[in-house]
Amino acid sequence: MIKTTVHPGAAAPASGGSILEVDALTKEFGGLTAVNSVTMHVPDRSIVSVIGPNGAGKTTFFNMITGIYAPTRGSIRLAGRELVGMRPDQVTEAGIARTFQNIRLFSSMTSEENIMVGRNSRLKSTFVDAVLRTRRFHESEHEAREAARIMLDFVGLSKWRNEIATNLPYGDQRKLEIARALATTPKLILLDEPAAGMNPRETEDLKALIRRVRDELGVTVCLIEHDMRLVMTLSEYITVLDYGTKISEGLPHQVRNDPAVMEAYLGRGAAAGEYGKEEASQ
Amino acid sequence: QTTIKIATISPLSGGQSNLGTQIRNGVQLAVNEYAAQFKKAGFNLQLVPYDDQADPATGTAAARKIAADNQILAVVGTLNSGVAIPASAALAPSNLVMVSPANTANQVTDRGLANMNRIVARDDSQGPAGANFITDTLKAKKAYVLNDKTAYGEGLAGEVEKALKAKGVTISGSEGTEEKSDFSSIVAKIKLTKPDAIYFGGIYNQIGVFIKQLRGAGINTPVVGGDGLDSSELPVIIGKAGANNVYYTTVAAPLEALPAAKTFAASFQKTFNTPAQGFGAFGYDAAKVTLQGILDAARANGGKAPSRKQVLDTIRKGTYKGLLSGEVSFNSVGDRKAATLYVIKLTAGKAALETSLSVKPPKN
Amino acid sequence: MTVASPAKPAVRRPLVKPDRTIWLVLFFVVTSILLLVSHETDIMKNLGPLGDVLRNKVVEALVVSLFLANVLFAYLWKAANWAKLLVGIGSLLFVLPLAGQADTSLLDLSIQIMIFAALALGLNIVVGLAGLLDLGYVAFFAVGAYTWSIFASPRFSEVLKYYGANAGSTGSGTLAIGLVLTAVAAGSMLYIRGLHTRTAPTRLSNLSFLLAGFGLFAGITLVGRSVLVLFSGSAEAVANGINPGFFWLFLALSVMTAALVGVLIGLPVLKLKGDYLAIITLGLGEVIRVLANNLGLYTAGSQGITPIGSASVPWFNSLAGALGFRPEQYYLLFLYVLVLIVIAVILLVNVRLDNSRIGRAWIAIRDDEIAAQAMGVPLMQTKLIAFATGASFAGVMGMIFAAKQTFISPESFNLLQSITVLSMVVLGGMGSFSGVILGAAVVTLLNLRILPGLGEASANVSWIPQEVNPANFNRFIFGSILVAMMLLRPEGLLPNARRTRELHHEDDQEDKSGEGNASGLKAGGDVYSAGLATIKEDDKTGGSR
Amino acid sequence: MSHLSTHLTTAPTPAAAPDTTGTPMLALTDIHSYYDHIHALKGITLNAYEGEIVALIGGNGAGKTTTLRTVSGMMKPRTGTLSYLGENIAGKPAHQTMQMGMSHVPEGRRIFAQLTVRENLEVGAYTITDKRLIEERVQEGFAYFPRLKERENQLGGTMSGGEQQMLAIARALMVNPRLLLLDEPSMGLSPLFVEAIFDIIVKLNKEHNTTVLLVEQNANMALAIAHRAYVLQTGEMKLSGKASDIAKDESVRKAYLGDE
Amino acid sequence: MELSVLLPFIVNVIIGGLVLGFVYAIIALGYTMVYGVLQLINFAHSEVFITGAVVGFEIFRILENSAMNGYLKLLLALVAAMIVSGLLNVLIERLAYRPLRGAPRLVPLITAIGVSLILQDTLRFLEGLQGRFDLTYTLPAGFGNKFCAAEGSTCAPLGNFLRTIGVDVQLKDVILVVVALVSLSVLNYVVNRTRLGKAIRAVSQDRVTAGLMGIDSNRMISATFLIGGALGGVSGVLFGMKFGTINAYSGFDPGIIAFTAAVLGGIGSIPGAVLGGLLLGVIQNLIGVTNIFGNLLGLANLGTIDASYSKIGPFIVLVLILIFKPTGLLGKSNVEKV
Ligand SMILES: Nc1ncnc2c1ncn2[C@@H]1O[C@H](COP(=O)(O)OP(=O)(O)OP(=O)(O)O)[C@@H](O)[C@H]1O
Ligand SMILES: Nc1ncnc2c1ncn2[C@@H]1O[C@H](COP(=O)(O)OP(=O)(O)OP(=O)(O)O)[C@@H](O)[C@H]1O
Ligand SMILES: CC(C)C[C@H](N)C(=O)O
Ligand SMILES: [Mg+2]
Ligand SMILES: [Mg+2]
């Protein structure tokens with residue numbers, strides 16, 4: 001029952017429309033155009049990827065969507081609502097959560113507390129409630145703790161509940177970040193290189209987790225990755241950036257066979273058949 | 001032998017510790033002198049110094065501690081009126097007498113506390129005296145009034161300004177400054193407004209630096225101040241060459257003028273290895289008033305240690321002669337009844353008596 | 001191919017504290033007796049050499065400190081709850097006031113300790129929890145103090161007289177205009193805020209908000225002025241300040257004014273990071289002091305305000321009288337009890353906030369502003385709440401301080417005071433409530449008891465030369481103790497559990513290779529501003545298009 | 001098996017195995033390291049001979065990073081011996097071991113955020129005083145990673161994750177180390193650059209006889225270019241041997257290479 | 001008031017502010033250096049700098065009656081002050097900050113305050129042994145004279161010109177500015193152009209990684225404290241020379257303003273500290289004369305802004321500037337990739 005309060009979307013069927021519509025988004029740093037008029041529409045309850053060479057502007061793209069950078073031009077709409085101009089916390093409240101390329105957990109908090117912070121924006125209790133310990137306060141605390149419990153279970157980190165987050169092994173920290181982001185009850189979650197630093201075995205687990213995020217929680221997933229095996233087998237749609245510009249997009253096999261992508265990104269090892277092997281079996 | 005203690009409250013550490021230490025040392029000297037007499041009377045006399053760090057809260061806490069020590073029969077202090085006011089209030093319920101060697105703010109005695117006395121002139125008598133000097137002797141038509149933004153300096157300068165205005169003198173500028181080093185903007189303003197005299201309510205180590213920079217800019221306007229300038233350090237700071245045309249009012253006779261003052265200065269230097277300054281002399285005088293009062297009270301009490309109340313009453317009523325600052329007696333609120341204010345003039349760094357004025361507190 | 005052998009599992013000894021009920025009670029009884037006896041002159045006289053020892057000022061200071069340590073031990077030691085309660089209540093509500101009866105300075109000392117404890121608790125929220133270094137904290141203390149002092153002293157009638165004499169064209173018409181302006185401005189501000197929660201702010205909406213802000217300010221000024229003018233007739237009636245009955249109202253008002261000033265100061269500066277914030281708060285603290293020194297009409301400037309009234313509670317006074325207190329002690333005793341209650345409330349608020357959504361948000365922004373924001377924590381709002389909460393504690397204590405001192409002047413609110421409070425927080429253990437209270441107690445005891453005690457005790461010891469009398473070295477000794485304590489216990493006297501974990505795992509970026517471990521290998525280590533100025537001006541967070 | 005074989009064909013071939021009979025260049029014997037109370041290395045023994053590429057693999061939290069930190073002197077082992085070039089360096093601080101010809105690409109890149117790309121490289125060459133040589137090496141770094149040249153004057157902290165990784169590697173190569181410690185050099189790099197990195201490692205090893213201690217999650221690639229390998233698990237050494245043998249080990253394949 | 005009076009007035013105020021600003025600037029650099037490398041507001045720096053002033057005082061006092069050339073005396077005083085303050089600063093770092101390397105940043109901040117208190121009383125005690133509290137500089141003959149006053153000297157025309165327009169510049173002011181400029185350029189060179197400087201900057205950002213580059217961070221930190229302390233020594237002597245009288249406690253106020261200057265300019269930036277110092281010096285002086293303009297313009301409210309506000313002027317300017325430029329005038333924004 002509580003599960004549904006954490007993730008109401010889980011029950012709802014996919015609407016088929018776009019949850020996120022990014023149009024002609026541009027970011028300039030001084031003379032450098034890091035993201036150049038990129039348009040991308042993310043279908044509701046899909047798993048999509050953004051890939052591209054180093055420095056292509058992927059992280060910057062995420063930073064604009066989440067309000068950390070103000071775009072130079074362009075628009076971002078979540079379920080039809082304009083996000084440009086909002087502060088990061090407002091974006092989160094609107095329904096986008098994210099993880100970071102360089103892990104940013106709260107270093108003096110336990111795993112549980114980290115997730116509870118993620119839940120913060122959904123709690124109803126106020127300053128006064130906290131001081132007076134009203135019923136609403138207790139309900140909120142309960143809700144936060146429940147959310148933490150559920151999310152820890154969900155990503156399989158229950159045993160780390162009371163451990164200081166930054167003492168966790170690297171891979172588990174990444175999962176904790178995902179759990180923290182999910183606790184905000186997002187409509188859309190942005191994952192920036194979730195598999196970095198994981199070995200192939202761990203990456204497999206992660207893949208399963210990401211699928212469950214979409215299937216069980218009904219959260220749309222958009223991720224950045226360099227691990228092509230993960231990207232090609234997981235994503236339903238791929239956008240490729242190079243030097244800030246979208247050079248290709250499409251279904252995994254289309255992108256994989258696009259000569260521009262091979263040239264700019266995949267390189268000589270990108271034997272067309274290689275990455276797709278598992279895709280078929282999924 | 002019964003132990004009798006007197007306490008001092010003054011800043012012994014921090015930026016005003018030089019003045020506070022002067023007071024403590026002055027009192028110490030008096031205690032040393034009186035120890036024998038007390039011994040004869042059957043008492044063991046001791047001094048307990050307290051550091052108020054020039055902070056009112058610390059001073060109050062010290063006062064309450066003093067109040068709790070039954071052997072302490074009197075307090076000499078403080079340096080800052082801001083500390084004296086709450087401290088004397090804290091001492092009042094225990095009838096512990098306080099004789100101030102330095103506090104000039106009107107409010108110190110205006111509250112009518114039975115235990116608060118002072119041997120220095122009030123701002124509203126020292127101020128007008130300074131103003132009179134400016135108009136009568138210096139014949140100034142236009143004056144610039146400065147203060148150091150402390151209770152003392154601002155209070156004094158305020159009284160001066162009031163008196164000057166009453167006498168029709170134009171005030172070409174009136175302001176306070178906490179700055180201790182750089183006076184260039186004030187000097188420029190003075191240069192611009194060309195006053196005939198400058199009054200500065202404050203302490204010598206700030207005013208000295210100011211005068212030095214004033215003279216450095218080629219302005220020779222007379223500078224007048226209050227007892228905060230009474231220090232042998234003043235001409236040193238200004239520099240011998242520039243220490244001209246500087247005047248200050250003080251209750252202590254110039255140390256050279258009185259033979260007693262000379263011996264005081266010598267033994268101060270000998271005991272503490274530092275020259276005596278105005279506040280040392282005031283502290284010494286205040287302590288003598290206090291100690292003499294205690295002795296008198298003991299005598300009246302049949303040779304037994306007197307109670308605090310007895311000391312308090314005796315001191316308020318007594319008359320004390322032969323002090324460095326002349327004769328001291330207090331009016332009903334503890335102000336010094338009549339005092340001679342000496343106006344000292346610095347010429348080429350040498351202090352000399354210019355004139356003396358007699359001042360009275362508003363009440364008698 | 002070789003397979004290495006597994007290592008032996010590490011053995012860890014469990015930490016169980018022995019029960020110390022007996023020791024606690026014993027300690028309580030002994031220190032209470034010592035405290036009471038040492039303040040009973042008659043008994044002391046008959047004690048002979050023991051009396052001399054107890055009379056020694058250093059010993060006396062130690063006795064007081066040891067007695068106060070009761071409360072600490074009751075908190076720290078493992079003991080039966082009844083014993084803890086007995087010792088806590090017994091020492092604070094019975095023994096201490098009783099000793100205070102004989103020695104008023106004990107009451108003064110205890111009030112001062114608790115005032116500082118409250119300040120430290122307030123600053124702890126700002127610095128310890130939210131990680132915002134505030135070096136001008138004493139400003140809020142001043143605001144609280146002046147809020148009460150201006151009204152509860154002859155100042156108020158001076159102000160009224162002034163406005164009576166300088167009424168200008170102000171009258172009831174002005175009041176009406178002012179009220180309308182205030183209402184309209186406040187209304188539009190609320191409206192725009194509401195709008196902003198729904199749609200992204202635009203330049204126009206921001207500008208109108210600012211404009212409405214000015215309108216509000218003007219409106220309030222007008223209202224204030226006309227109220228003063230209209231009431232100027234009653235100047236005589238309040239010649240000695242307003243009715244002491246207003247004390248209770250002002251207790252709330254001082255909280256609010258300080259909080260408001262906290263918000264006003266916080267709004268422009270809380271965007272700044274780390275030490276930029278530190279120095280700017282330091283400056284604003286000075287600004288408040290200089291204003292107090294210059295706005296002579298309201299604050300009496302450097303001359304200070306006196307006498308300042310306190311609440312008058314007749315039944316309390318008769319109770320105190322019945323208990324044998326002297327009339328001049330009534331108000332101190334009253335303030336003592338009041339301050340006990342207030343600090344209990346403050347402590348409660350602290351603990352409750354810490355274990356709540358807002359407390360977690362504070363720690364989150366301290367750890368990582370960007371991540372916190374990305375998790376939906378509104379930075380500005382969260383920081384403002386920290387600032388205002390901390391300020392309000394200072395405000396209420398400022399008022400009590402003014403009532404206790406009966407005199408206040410700007411000297412009491414200088415930078416050194418802010419630094420002292422900060423040192424209490426760090427010394428006690430940042431982020432730890434019991435720690436900062438202990439820090440406040442230790443520093444206050446040092447400053448008001450132990451150091452003066454050293455000075456007194458050595459004043460008449462012949463072999464200690466005048467020049468090195470400890471009374472002249474308060475700063476030196478205090479400084480040395482600060483340094484020594486920090487070197488010995490960098491995490492504070494009673495560290496916060498979270499802090500300790502952090503100190504030992506994450507916080508430092510130091511290469512501790514010499515010590516056989518590498519606690520600090522993670523970069524970061526920015527303790528009071530974990531946030532980073534990540535974003536360049538031209539890509540301001542959430543800026544408008 | 002199919003992934004391994006494809007990787008092996010794309011991975012550059014390592015130099016012939018160097019002589020491993022003499023005294024090792026680097027020898028860890030029964031090393032124990034702690035983070036305060038966390039016992040991270042529980043008796044590690046490891047050798048690396050001059051001219052070898054040694055791979056170190058293991059799961060998250062196994063202690064790979066800790067091993068490298070211990071070697072470079074970022075942390076001091078509590079017990080055990082650590083010798084490098086015949087000298088006991090246990091407890092020698094990093095700045096001294098670096099002057100003995102080591103170089104360490106640390107986990108998490110640790111770029112100097114406020115220095116420009118060029119300044120980062122110049123600081124990397126701190127132990128070199130010859131200005132001309134420094135410039136030569138900077139150009140070498142630019143040749144490996146042209147992106148760095150494009151961004152010569154950009155602040156290190158504003159570079160993208162992968163760009164920072166390139167910078168970290170280039171910075172470590174400034175001193176032309178005798179022993180190179182690489183902690184997940186391919187992390188965050190796009191496929192194209194992953195290959196480039198492995199090329200560079202092999203090239204350094206072949207041309208400069210650089211000894212390399214390589215920690216990699218991309219174990220397939222790492223084992224393909226390494227001469228020997230060690231497998232770490234929760235602070236203990238589980239396996240060691242020729243890289244090709246390790247790569248064939250069933251349990252390793254299962255645990256680290258993602259084979260079902 | 002006519003322009004012929006007002007102009008020299010304003011020029012004097014600004015020149016006074018600039019000279020003051022140079023003193024602030026060079027004190028500020030001591031803060032900035034240490035701040036840069038340890039992110040520590042070194043509260044003890046005000047005493048380190050006053051120690052320099054005391055050393056300078058002693059040198060001038062001892063040499064008072066010697067026939068030595070005035071500039072030589074000054075050089076001696078500067079060098080001695082640099083050595084003493086520099087070493088003192090290194091010592092402070094060793095004893096009070098280094099053991100706390102791993103602790104939260106507020107902890108060394110508190111020990112810094114402790115050290116500051118210790119030094120104040122120590123300096124007062126040492127001078128008190130000789131019966132002194134206020135220390136008044138006895139400058140070499142001529143230093144206090146009007147700049148280029150001597151007829152026939154090569155620069156006399158300039159001196160004459162200054163005199164005719166009513167500007168007060170003393171020789172010591174000119175010396176001060178020259179010494180300050182020289183120290184600033186040397187420092188700027190060292191930090192930005194030398195290997196030492198680059199190493200210091202690397203250490204300031206990440207000590208552990210700097211170690212991986214072969215840099216001994218402790219040595220670099222000591223070097224920084226040495227340089228910062230030496231600058232403190234120079235600024236102390238200049239301060240004493242300019243204003244004439246100092247005591248053990250007089251470092252605190254200028255110390256705070258100087259640190260404000262460092263922040264205003266952007267902490268860690270050398271030109272920023274200089275700019276900030278100059279700006280604050282001038283602003284402080286301008287605030288001090290605002291009332292004149294208020295009166296001239298008939299603005300009653302401005303007329304009440306007098307010298308008593310000049311102490312807070314810097315802070316108000318700081319607030320205004322930081323609101324628009326949160327990292328100070330020349331501060332680099334603190335970048336980290338999200
Ligand atoms: N604040 C900034 N100032 C200047 N340039 C920047 C800034 N932030 C990013 N860049 C540049 O913009 C480009 C895009 O960076 P971004 O981090 O978005 O790349 P990315 O696609 O995430 O790369 P990677 O895969 O390596 O993480 C890079 O070349 C980077 O150097
Ligand atoms: N700075 C630190 N403070 C405390 N514990 C740490 C720290 N760094 C690592 N650890 C702990 O030490 C153990 C070994 O970690 P290490 O980083 O060496 O593993 P690793 O093999 O490099 O893992 P990964 O693949 O995740 O990088 C782990 O249990 C980890 O949690
Ligand atoms: C001279 C001063 C330091 C103190 C002054 N007499 C006062 O009343 O405060
Ligand atoms: Mg990226
Ligand atoms: Mg690792």
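Everything numeric here is computed off the predicted structure, so don't read it as measured data. Numbered from 1 within each chain, the chains take letters A, B, ... in sequence-line order.
- Heavy atoms closer than 4.5 Å to chain B are found in the side chain of C:Q112, but not in its backbone.
- Heavy atoms of C:R449 lying under 4.5 Å from chain B belong to its backbone as well as its side chain.
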Under the side chain to side chain donor-acceptor pair (under 3.5 Å) criterion, do C:Q405 and B:T60 qualify, and how do the steps go? CA-CA 8 Å; C:Q405 289 293 109; B:T60 316; 2.9 Å; yes

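- Contact annotation for B:T58: both backbone and side-chain heavy atoms come within less than 4.5 Å of a heavy atom of chain C.
- Interface remark: C:Q417 contributes side-chain atoms only to the contact with chain B (heavy atom separation under 4.5 Å).
- Summarising the geometry, atom NZ belonging to B:K149 is positioned 12.0 Å from atom CD belonging to C:E411; distances are rounded to the nearest 0.5 Å.
- Of the residues considered (C:N294, C:L109, C:N414, C:T104), C:N294 shows the highest number of contacts with chain B, using heavy-atom pairs under 4.5 Å.
- Of the listed residues (B:Q28, B:E154, B:K65), the one with the most heavy-atom contacts under 4.5 Å to chain C is B:K65.
- Note that the CD atom of B:Q53 and the CG atom of C:L451 stand 8.0 Å from one another [nearest 0.5 Å].
- Among C:T406, C:L416, C:N293, the residue making the largest number of heavy-atom pairs under 4.5 Å with chain B is C:N293.
- We find the CG-CG distance between C:L454 and B:D51 to be 12.0 Å, quoted to the nearest 0.5 Å.
- Most heavy-atom pairs under 4.5 Å with chain C, from the set B:V48, B:N25, B:D55, B:I85: that is B:I85.
- What you find for B:G82 and C:F407 is that their closest heavy atoms are O-CE2, 3.1 Å.
- For the set C:N469, C:L332, C:T444, the entry with the most heavy-atom pairs within less than 4.5 Å of chain B is C:L332.
- Shortest non-hydrogen contact noted between B:L12 and C:A471 is CB-O, 3.5 Å.
- Heavy atoms closer than 4.5 Å to chain B are found nowhere in C:F476, neither backbone nor side chain.
- Your options are B:D69, B:T21, B:N147, and the one with the most heavy-atom pairs under 4.5 Å with chain C is B:D69.
- Between C:R289 and B:E178, at least one side-chain N (NZ, or NE/NH1/NH2) sits under 4.0 Å from a carboxylate O, which counts as a salt bridge.
- Distance check: C:E456 CD to B:I72 CD1 gives 7.0 Å after rounding to the nearest 0.5 Å.
- Most heavy-atom pairs under 4.5 Å with chain C: of the set B:A57, B:A62, B:A67, B:P49, this distinction falls to B:A57.
- Most heavy-atom pairs under 4.5 Å with chain B, from the set C:D108, C:I408, C:N447, C:L448: that is C:D108.
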